Amino acid sequence: MNIKEYIREIKDFPKPGIAFKDITPLLGNPKALVKCVEDLASLVPKGVTIHKVIGIEARGFILGGMLAERFEAGFVPVRKKGKLPAAVHSRSYGLEYGADTLEIHTDAIAPGEHVLIHDDVLATGGTAKAVCELVAELGGVVVQCSFIMELAFLKGRQQLTVPIVSVLQY
Ligand code: AMP
């Protein structure tokens, strides 16, 4: 099955000039959803233990949670500023469309834990870079950043020094 058929492009959302990659058709199709999670899981090097999967708010929560279950890992939400209730570390970052601040609970990852970071789209790489910095601040080790898709023309992977994988490339 070709899961690219389940990614819907919405032109000029949320701003003129942005071609938004909508994953809701993929999420809504049981076979496409399972195939995508299987493909992502197969990209993790065999024999590597994952202690925590980070999902980036909000679309990274869905498949991030499914990956955590697959790897029998804990799930850690990285959220937009002001959403997490306990003590946090924060990082501000640039987006393909705007700027934002992401936060992680200070006790979410123990020093030395192996972390898989998951999000739906790698665009300019600013988001993933900020999350890598938050993990480093907690002493975690990023094993991989995994994305449903990569907008390769934006060269986001050049921002990152950790292994990057994606199921679909544009
Ligand atoms: P970036 O920091 O530029 O790599 O942007 C990645 C974040 O913004 C991810 O959380 C994506 O969900 C979202 N994002 C950026 N560009 C798009 C796009 N064209 N379609 C859908 N989501 C996007």
Side-chain angles (χ1 to χ4, degrees), residues 7 14 18 20-21 23 36-37 39-170:
I7 306 297
I18 300 294
F20 189 85
K21 301 286 197 230
I23 62 167
C36 188
V37 173
D39 287 354
L40 284 168
S42 73
L43 292 168
V44 175
K46 297 279 166 292
V48 172
T49 302
I50 306 288
H51 299 110
K52 298 279 166 63
V53 176
I54 287 182
I56 305 176
E57 184 173 357
R59 292 183 295 278
F61 288 173
I62 305 151
L63 276 80
M66 295 171 80
L67 287 168
E69 201 241 343
R70 286 229 159 195
F71 289 106
E72 298 182 0
F75 178 80
V76 173
V78 162
R79 300 206 60 184
K80 307 272 166 62
K81 190 179 171 61
K83 302 282 187 184
L84 287 171
V88 294
H89 285 305
S90 301
R91 270 284 183 290
S92 295
Y93 65 107
L95 264 182
E96 192 190 1
Y97 43 82
D100 223 331
T101 301
L102 287 175
E103 296 184 338
I104 192 169
H105 274 148
T106 54
D107 62 355
I109 290 161
E113 279 191 321
H114 293 175
V115 178
L116 177 73
I117 297 172
H118 173 76
D119 203 0
D120 61 339
V121 176
L122 173 63
T124 65
T127 305
K129 185 173 178 229
V131 177
C132 286
E133 288 169 2
L134 288 170
V135 173
E137 213 171 328
L138 296 177
V141 179
V142 177
V143 170
Q144 183 181 84
C145 285
S146 106
F147 302 91
I148 299 174
M149 75 199 93
E150 176 176 356
L151 309 183
F153 59 92
L154 291 173
K155 300 185 167 53
R157 61 170 60 224
Q158 289 180 5
Q159 296 252 28
L160 302 162
T161 53
V162 296
I164 313 294
V165 299
S166 55
V167 172
L168 303 173
Q169 292 79 34
Y170 290 86

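Computed from a predicted structure; not experimentally measured.
- Here CG of Leu151 is found 6.0 Å from NZ of Lys21. Values are rounded to the nearest 0.5 Å.
- Salt-bridge formation is detected for the pair Glu150/Arg157: a Lys NZ or Arg NE/NH1/NH2 atom is positioned less than 4.0 Å from an Asp or Glu carboxylate oxygen.
- Residues Lys129 and Gln159 approach most closely at CD-OE1, 3.3 Å, considering heavy atoms.
- The CZ atom of Phe147 lies 12.0 Å from the CD atom of Gln169; values are rounded to the nearest 0.5 Å.
- For the atom pair OG (Ser90) and CD1 (Ile104), the distance works out to 10.5 Å, reported to the nearest 0.5 Å.
- Of all heavy-atom pairs spanning Ala41 and Leu67, the tightest one is N-CD2, 4.0 Å.
- A pairwise comparison of heavy atoms in Ala73 and Ile50 identifies CB-O, 3.4 Å as the closest pair.
- Remark: the backbone N or O of Val143 is not paired with any side-chain donor or acceptor of His114 at under 3.5 angstrom.
- Side-chain contact between Arg79 and Glu103 is absent, with no heavy-atom pair separated by less than 4.5 Å.
- Between Asp39 and Val37 there is no side-chain heavy-atom pair separated by less than 4.5 Å.
- To the nearest 0.5 Å, the span separating CG on Leu134 from CG on Leu102 amounts to 7.0 Å.
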Go through Ser146 and His118 one step at a time and tell me if the side chain to side chain donor-acceptor pair (under 3.5 Å) criterion holds. CA-CA 5 Å; Ser146 106; His118 173 76; 3.2 Å; yes
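- Around CD of Glu137, the count of heavy atoms belonging to other residues, nucleotides or ligands within 6.0 Å exceeds 12.
- Here the closest non-hydrogen pair linking Leu160 and Cys132 is CD2-SG, 4.2 Å.
- Leu63 is listed as a side-chain neighbour of Cys36, based on a closest heavy-atom distance under 4.5 Å.
- In plain terms, the two heavy atoms of Lys80 and Glu57 that are nearest each other are N-OE1, 2.7 Å.
- Summarising the geometry, atom CD1 belonging to Ile7 is positioned 8.5 Å from atom CG belonging to Asp120; distances are rounded to the nearest 0.5 Å.
- One distance of note links CD1 of Ile54 with CD1 of Ile117; it measures 5.0 Å at 0.5 Å rounding.
- For Tyr93 against Thr101, the heavy-atom pair with the smallest separation is CE2-N, 3.8 Å.
- In this structure the side chain of Val131 never reaches within 4.5 angstrom of the side chain of Val142, judged on heavy atoms.
- Inter-residue side-chain proximity for Met149 and Ile23 is flagged as met; some heavy-atom pair is nearer than 4.5 Å.
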